Amino acid sequence: MSRPIEIRTVADLERTARSLALHFKARTVVVVGSQGILVGWPGAPVTMCMSPEIDAYPANARAWEAAQDDDLAEAS
């Protein structure tokens, strides 16, 4: 049995950005990858929004990593 195809929405993108910003205390979140289309085209065709993930990272990733006690901490 195949898994249902996930359709990403602007609400998914907003929830992801808020979660990253809160967790990393970031003022800016960078969205990369295919779901970045939702930023400028919230009504994009469904075929362009079919992805199980949203690729994003906090803009302060390097500063956050440097401030951690763990040398292996990654904001990814």
Side-chain angles (χ1 to χ4, degrees):
M1 183 171 179
S2 63
R3 293 176 46 188
I5 297 171
E6 294 188 49
I7 307 299
R8 292 296 172 198
T9 65
V10 174
D12 294 332
L13 186 62
E14 289 172 350
R15 188 172 48 255
T16 298
R18 281 191 197 101
S19 294
L20 280 168
L22 181 64
H23 182 79
F24 292 100
K25 297 177 178 61
R27 295 179 55 89
T28 304
V29 172
V30 179
V31 178
V32 296
S34 61
Q35 297 316 303
I37 189 100
L38 294 169
V39 174
W41 193 6
V46 171
T47 56
M48 297 178 77
C49 302
M50 296 167 49
S51 178
E53 69 275 330
I54 294 175
D55 301 313
Y57 63 91
N60 66 339
R62 291 196 192 268
W64 182 88
E65 290 169 353
Q68 303 309 300
D69 292 332
D70 182 357
D71 289 339
L72 300 176
E74 278 189 60
S76 63

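If you're wondering where the values come from, they're calculated on a predicted model, not measured in any experiment.
Atom OH of Y57 and atom CZ of R62 lie 9.0 Å apart (nearest 0.5 Å).
Cluster partners of W64 are L20, F24, V29, counting Ile, Leu, Val, Met, Phe, Trp and Tyr whose side-chain heavy atoms approach within less than 4.5 Å, directly or via other members.
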Side-chain donor-acceptor pairs of residues 9-17 under 3.5 Å, sequence neighbours excluded:
{"unit_1": "T9", "atom_1": "OG1", "unit_2": "A11", "atom_2": "N", "d": "3.3"}
{"unit_1": "T9", "atom_1": "OG1", "unit_2": "D12", "atom_2": "N", "d": "3.2"}
{"unit_1": "T9", "atom_1": "OG1", "unit_2": "D12", "atom_2": "OD2", "d": "3.4"}
{"unit_1": "D12", "atom_1": "OD1", "unit_2": "R15", "atom_2": "NH2", "d": "2.6"}
{"unit_1": "D12", "atom_1": "OD2", "unit_2": "T9", "atom_2": "N", "d": "3.0"}
{"unit_1": "T16", "atom_1": "OG1", "unit_2": "D12", "atom_2": "O", "d": "2.9"}

List the atom pairs, with distances to 0.1 Å, where a side-chain N or O of residues 37-55 and a protein N or O form a donor-acceptor pair under 3.5 Å, not counting sequence neighbours.
{"unit_1": "S51", "atom_1": "OG", "unit_2": "E53", "atom_2": "N", "d": "3.4"}
{"unit_1": "S51", "atom_1": "OG", "unit_2": "E53", "atom_2": "O", "d": "3.2"}
{"unit_1": "S51", "atom_1": "OG", "unit_2": "E53", "atom_2": "OE2", "d": "3.1"}

